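So that the names make sense, note that chain A is the first sequence line, chain B the second, and so on, each numbered from 1. Not measured: the values here are computed from a predicted model.
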2 protein chains.
Amino acid sequence: MAEARDGTVGKALDVLDRVAAAGGPVRFSDLLEDGPYPKATLYRLLQTLTSQGMLSHDAELGTYTLGVRLVRLAHKAWSQASLAPVAHEWLDRLSRETGEAVHLAQLDGAQVLYVDKVNTALRVDMFSATGRVGPSYCTGLGKAMLAFLPDAELDQALGQQSYHRFTDATLTTPEALRAELAHIREAGVAYDREEHEPGIICIATPILSRGGRILGGLSITSTTARRSLDDLSQLAPLLLDTRAKIESDIHAWRFPEDGPRLRTVPT
Amino acid sequence: MAEARDGTVGKALDVLDRVAAAGGPVRFSDLLEDGPYPKATLYRLLQTLTSQGMLSHDAELGTYTLGVRLVRLAHKAWSQASLAPVAHEWLDRLSRETGEAVHLAQLDGAQVLYVDKVNTALRVDMFSATGRVGPSYCTGLGKAMLAFLPDAELDQALGQQSYHRFTDATLTTPEALRAELAHIREAGVAYDREEHEPGIICIATPILSRGGRILGGLSITSTTARRSLDDLSQLAPLLLDTRAKIESDIHAWRFPEDGPRLRTVPT
DNA sequence: AACAAGGTTTCAAATAATGGAACCGTTTTC
DNA sequence: GAAAACGGTTCCATTATTTGAAACCTTGTT
């Protein structure tokens, strides 16, 4: 767990992360043991966060959990993000055309953060997928995004991977990964060859801004039971076409007719 | 917009809310105008929030938007909440049994916060519903929850309603609302008689803890085109049954076999 | 009855936040 | 083309908040 560096606010957010990391209701003493904060400090941070609705405190059990204000904020974050809401319709379409699950992700530090998932066949279980994080060195989406990261950021990201060997196909060294990323940069698409989970394969591509900045990634996921890698590669044109559509929409959205920005009036 | 009272952390979170309230990318100067913070202070708050990933700053456009860290945190918040994940399967079932949309909500201050939505027929568009807030004085869920609030909290909540007349059926005074709440307390279920939106009706019930504390609310929504209010009231037993199932699961979940709490080990 | 554990409060010292003003790079105006 | 306005960033002495050791409750335990 990274130490906070941004004064009181950083510490408060760090505590928030620690509550999130606990995976369930935590007691004061749990946080006290695991964290670097003295009793009184932690106590006040928790009080502040609770009074702000970022945490909720169960007085009966004496436990803290993440608060509802986060859900409200995240809803706004998602619906106001430039990528996810704009891309949603296109994901839907791509999923219908291919009959496969389609994922949209963004880089969150060195990790992959899934921001949308569409799957025609199965029941959509969106919140459980949206917000989930995964490793970037061994997923199609992760590699696709890493491949287009500026050198400095790539170096940093590569240094933060665990390189855990999930399967026999997992790339477990920065060197192997760098070589793979070079291929991806040329090809424009990345593959997950069962590197994260046996039987799960995917084809992915990054989504870039006009300026070449990496905004996110788009992938089509399948299983070895349904498709081969070659099969998947046939979907590349569809994938890249969808990517182009999304990039074009994003640009239109970000520079709406070059007019002055509308300000919403509080009601 | 409420002023912050919790020191620096409160101010930072207030700024976060202001960015959320803007409804899209905001520039520094927009926030400066609308908010009570002096230039330098606002600048540092934004820097801190950005460096913490709670905001993201688009250097090209000079705008701020809500950051991805929020989405990550909210995912955790939702999946660790005591109500939503536990209730989800039951909502699913209730929706299948009735063929109608089923909502799960919690009170967030004086507002209704939707935390889950299930709809068999239409495509599930979950993130767009989850996290959304609505008024409590003119929705079935809102009234169901208000009706079981302790006096002190109810007084506060009633004072914070807008009492805007959305439709002819909207209750527009605290007095009318109090009378309605008394009925609801007796009946155990609340109805939305097109009070918020013409053509939209619903039947709702609160979800309570063992101790009588209000945890959330559950509703079945329909349209006047499909069902009458009498029709809806036929569904009360199913609704109350589902409520009982959820309450029972919650209790089991919150006191897992009375054993010591498991601590997750960071990997 | 004494003890321990888990929380809460106090208070002087240490630290971080504050915000007016100056600064700097662009863009607009005259 | 000079000057002023704008939008954002940095400085720094002052001020207010945060800090955390220790004392103190409250509740459950030996």
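Remark: B:D108 engages A:R72 in a salt bridge, criterion side-chain N to carboxylate O under 4.0 Å. The pair A:D249-A:K245 does not count as a salt bridge, with every side-chain nitrogen at least 4.0 angstrom from each carboxylate oxygen.
The nearest heavy atom of DNA chain C to A:V9 and to A:A40 marks one nucleotide each, and the one closer to the 5' end goes with A:A40. Mapping A:H57 and A:T8 onto DNA chain C via the closest heavy atom, the residue that lands nearer the 5' end is A:H57.
With A:L46 as the partner, the side-chain contact (heavy atoms from CB on, under 4.5 Å) test is satisfied by one option alone out of A:L31, A:V26, A:T41, A:L32: A:L31.
We find the CG-OG1 distance between A:D58 and A:T50 to be 11.5 Å, quoted to the nearest 0.5 Å. Expressed to the nearest 0.5 Å, how far OH of A:Y37 lies from CZ of A:R44 amounts to 13.0 Å. How far CG of A:L146 is from CD1 of A:I214: 8.5 Å, rounded to the nearest 0.5 Å. Here CG of B:L16 is found 6.5 Å from CE of A:M54. Values are rounded to the nearest 0.5 Å.
Distance A:Q47 CD to C:dT9 C1': 10 Å, rounded to the nearest Å. A straight line from CG of A:L46 to P of C:dG6 spans 16 Å, rounded to a whole angstrom. In this entry the distance linking CZ of A:F28 with C1' of C:dT8 reads 8 Å, nearest Å. As a whole-Å value, the separation of A:D34 CG from C:dG6 P is 13 Å. C:dT8 atom P lies 12 Å from atom CG of A:L32, rounded to whole Å. Summarising the geometry, the separation between OH on B:Y43 and P on C:dA17 is reported as 15 Å, rounded to the nearest angstrom. Atom-to-atom, NZ of B:K11 to P of C:dA16 comes out at 16 Å; the value is rounded to the nearest Å.
Residue side chain A:R27 does not reach the base of C:dG7 through any donor-acceptor N/O pair under 3.5 Å, judged by distance alone.
Residue A:S29 places at least one side-chain N or O under 4.0 Å from the OP1 or OP2 atom of C:dG7. Contact annotation: B:Y37 does not reach the phosphate of C:dG19 (side-chain N/O to OP1 or OP2, under 4.0 Å).
Chain B approaches DNA chain D over the interval D:dG8 to D:dT18, counting the first and last nucleotide 5' to 3' with an atom under 4.0 Å from its heavy atoms.
Here the side chain of A:Q80 pairs a donor or acceptor atom with the backbone of B:A20 at under 3.5 angstrom.
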Distances under 3.5 Å between protein N/O atoms and the N/O atoms of nucleotides 23-26 of chain C, please, pair by pair.
none

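Here A:T41 lies in heavy-atom contact (under 4.0 Å) with a base.
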- Query: Where do B:L107 and A:V68 land on the side-chain contact (heavy atoms from CB on, under 4.5 Å) test, with the steps shown first?
  - Reply: CA-CA 9 Å; B:L107 272 182; A:V68 287; over 6 Å; no

